[in-house]
Amino acid sequence: MSEWQLTRTLRSTSGDVRWDSLGQPGQDPVVLLHGTPFSSYVWRAVARSLARRHQVFVWDMPGYGASEKYAGQDVSLAAQGKVFTELLAHWGLEEPLVVAHDFGGAVSLRAHLLHGAHYRALALVDPVALAPWGSPFFRLVGEHSEVFEQLPPALHRALVREYISSASSPGLHPAVLDGLVRPWLGDVGQAAFYRQIAQADQLYTDEVQDRYGEIGIPALVCWGQDDTWIPVAKGQELVARIPGARLEPIAGAGHLVQEDAPAELTAVLIAFLQQSL
């Protein structure tokens with residue numbers, strides 16, 4: 001991940017958040033939110049492309065990537081939604097364009113509906129947004145996180161690699177997989193990996209999913225057609241709940257659309273963002 005570094009820090013209510021921006025200040029702002037168990041690293045190709053026309057803000061959520069990880073840390077969806085509103089205020093962004101993947105989709109939705117965060121437009125990419133969610137593996141780990149935290153490092157590493165690999169349809173390049181796994185290794189990383197799963201409660205989307213009809217901004221829902229983590233049927237259900245939203249299926253992509261089809265996703269996002277200005 002040496003080619004992707006976040007150089008700035010904000011002290012948030014859930015610990016130090018690493019962030020950065022690409023593109024020229026003053027250009028129309030775009031904020032990218034990652035999912036779990038990922039980091040802003042998954043946005044690197046898309047962010048660099050969008051930065052030709054926009055000032056692009058990227059960040060690692062507390063407990064993820066290069067941001068702070070510590071015992072007892074609140075990394076729940078509730079906490080992340082609050083931290084996102086803190087970041088928007090810190091950046092001085094009143095109505096940015098927002099693009100959010102997976103867990104980040106729920107964060108952006110909660111920030112908008114519960115914390116008053118205003119966006120110019122919202123693009124959701126394979127978001128965690130509707131019940132039920134969480135694979136059998138995810139639920140198993142969540143119920144026994146204290147046991148999994150005790151796994152020998154080699155077994156933990158193998159588990160994380162296999163789990164992250166399953167998010168891609170064509171398969172991840174070994175260097176990319178290494179970059180996605182690395183933040184979860186070592187004593188601090190291993191504990192953080194199981195902590196974020198243990199705190200991933202469906203309650204946090206149950207609180208907002210009946211309010212999606214209140215979203216009054218341009219909305220796009222992109223979905224990898226080969227997503228085995230969250231089926232594309234959830235995307236169809238989501239666009240039916242958001243007024244004026246449309247679904248953009250991405251062929252040949254699994255859950256990690258940014259890695260599986262970065263050019264296709266970027267083209268769709270650029271067109272949507274330009275229409276929303």
Side-chain angles (χ1 to χ4, degrees), residues 1-10 12 16-36 38-62 64-67 80-81 83-112 117-127 176 179-180 183 217-222 224 248 250 253 256-277:
M1 296 177 68
S2 59
E3 79 280 12
W4 183 255
Q5 299 290 331
L6 304 183
T7 63
R8 310 184 206 185
T9 304
L10 172 71
S12 80
D16 287 349
V17 172
R18 299 290 288 177
W19 69 274
D20 219 322
S21 68
L22 298 79
Q24 294 298 316
Q27 293 181 307
D28 291 306
V30 176
V31 182
L32 304 179
L33 289 82
H34 67 81
T36 180
F38 313 113
S39 69
S40 62
Y41 177 69
V42 299
W43 283 119
R44 65 199 181 284
V46 175
R48 288 165 178 155
S49 295
L50 294 180
R52 295 176 179 272
R53 301 183 183 184
H54 301 272
Q55 184 179 13
V56 181
F57 292 82
V58 292
W59 61 296
D60 287 350
M61 295 183 195
Y64 293 78
S67 289
Q80 304 292 3
V83 169
F84 184 43
T85 58
E86 293 171 29
L87 272 170
L88 292 175
H90 179 70
W91 294 331
L93 302 182
E94 296 182 356
E95 282 194 336
L97 301 158
V98 173
V99 181
H101 176 240
D102 181 75
F103 188 84
V107 172
S108 67
L109 289 165
R110 286 182 61 89
H112 181 59
H118 297 286
Y119 313 143
R120 181 91 57 91
L122 175 62
L124 299 166
V125 183
D126 297 62
V176 171
L180 293 172
I217 55 176
L220 173 71
V221 177
C222 301
E248 188 73 44
I250 307 294
L256 263 180
V257 186
Q258 308 97 315
E259 299 292 349
D260 291 355
E264 292 85 346
L265 177 61
T266 300
V268 169
L269 291 175
I270 287 175
F272 172 69
L273 297 177
Q274 290 304 305
Q275 291 169 3
S276 304
L277 292 176

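Atoms considered below: every heavy atom in the structure, side chains included; atoms not considered: hydrogens, waters and symmetry mates.
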Between Trp43 and Phe38, is the ring centre distance below 6.0 Å? no
Tell me whether Gln55 contacts the main-chain N or O of Val30 through its side chain, where contact means a donor paired with an acceptor under 3.5 Å. no
On a heavy-atom basis, the closest approach of Ala45 and Pro262 is CB-CB, 4.4 Å
Residues that Ser49 engages under side chain to side chain contact (heavy atoms under 4.5 Å, CB included), provided they are two or more places apart: Thr266
Taking the side chain as C-beta and beyond, is there a heavy-atom pair between Leu124 and Leu220 under 4.5 Å? no
Side chain to side chain donor-acceptor pair (under 3.5 Å) filter on Ser40, not counting sequence neighbours, yields Trp4, Asp60
If I take atom CG from residue Leu109 and atom CG from residue Leu122, how far apart are they, to the nearest 0.5 angstrom? 6.0 Å
So, using side chain to side chain donor-acceptor pair (under 3.5 Å) as the criterion, who are the partners of His34 when residues are at least two apart? none
Working to the nearest 0.5 Å, report the span between OG of Ser39 and OH of Tyr64. 11.0 Å
List the steps, then state whether side-chain contact (heavy atoms from CB on, under 4.5 Å) holds for Asp16 with Leu10. CA-CA 6 Å; Asp16 287 349; Leu10 172 71; over 6 Å; no
Could you tell me the separation between the CE atom of Met61 and the OG atom of Ser12, rounded to the nearest 0.5 Å? 12.0 Å
Before you tell me yes or no, could you show the steps for Val17 and Thr9 under side-chain contact (heavy atoms from CB on, under 4.5 Å), namely the whole-Å CA-CA distance, both residues' side-chain angles and the distance that decides it to 0.1 Å? CA-CA 5 Å; Val17 172; Thr9 304; over 6 Å; no
For side-chain contact (heavy atoms from CB on, under 4.5 Å), just list the numbers for Val99 and Leu33, CA-CA rounded to whole Å, side-chain angles, deciding distance to a tenth of an Å, and then say yes or no. CA-CA 6 Å; Val99 181; Leu33 289 82; over 6 Å; no
Could you pull out all residues at least two apart from Asp20 that satisfy side chain to side chain contact (heavy atoms under 4.5 Å, CB included)? Leu6, Thr7, Arg8, Val58
Pairing residues for Ala117 by the side chain to side chain contact (heavy atoms under 4.5 Å, CB included) criterion, not counting sequence neighbours: Thr85, Leu88, Ala111, Tyr119
Closest heavy-atom contact between Ala47 and Leu32? CB-CD1, 3.7 Å
Arg120, CZ: over 12 other non-hydrogen atoms inside 6.0 angstrom: yes
Are any non-hydrogen side-chain atoms of Val83 and Trp59 less than 4.5 angstrom apart? yes
Write down the atom of Gln24, the atom of Gln27, and the distance for their closest heavy-atom approach. N-OE1, 3.0 Å
If you look only at pairs with a residue in residues 101-112, which of them pass as a salt bridge (charged side-chain N to carboxylate O under 4.0 Å, His left out), with sequence neighbours excluded? Arg110-Glu207
With sequence neighbours excluded, what pairs up with Glu248 under the side chain to side chain donor-acceptor pair (under 3.5 Å) test? Arg246
Excluding sequence neighbours, so at least two apart, what forms salt bridge (Lys or Arg N to Asp or Glu O under 4.0 Å) with Arg18? none
Leu256/Leu180 under side-chain contact (heavy atoms from CB on, under 4.5 Å): CA gap, chis, key distance, verdict: CA-CA 11 Å; Leu256 263 180; Leu180 293 172; 4.1 Å; yes
Min side-chain heavy-atom separation Leu87-Phe57 under 4.5 Å: no
Gln274 CD to Leu269 CG distance, which is reported to the nearest 0.5 Å: 11.5 Å
So how far is it from His54 NE2 to Leu22 CG, rounded to the nearest 0.5 Å? 12.5 Å
Side-chain donor-acceptor pairs of residues 89-98 under 3.5 Å, sequence neighbours excluded:
none

Rounded to the nearest 0.5 Å, the CD1 atom of Ile217 sits from the NE2 atom of His112 at a distance of 4.5 Å
Listed by chain and number, what are the side chain to side chain donor-acceptor pair (under 3.5 Å) partners of Glu86, not counting sequence neighbours? Thr13
Residues in side chain to side chain contact (heavy atoms under 4.5 Å, CB included) with Pro218, at least two apart? Ala121, Phe272, Ser276
List the atom of Gly179, the atom of Pro183, and the distance in Å for their closest heavy-atom pair. O-CD, 3.3 Å
Name all pairs fulfilling the salt bridge (charged side-chain N to carboxylate O under 4.0 Å, His left out) condition that reach into residues 259-277, sequence neighbours left out, sorted by first residue then second. Arg44-Glu259
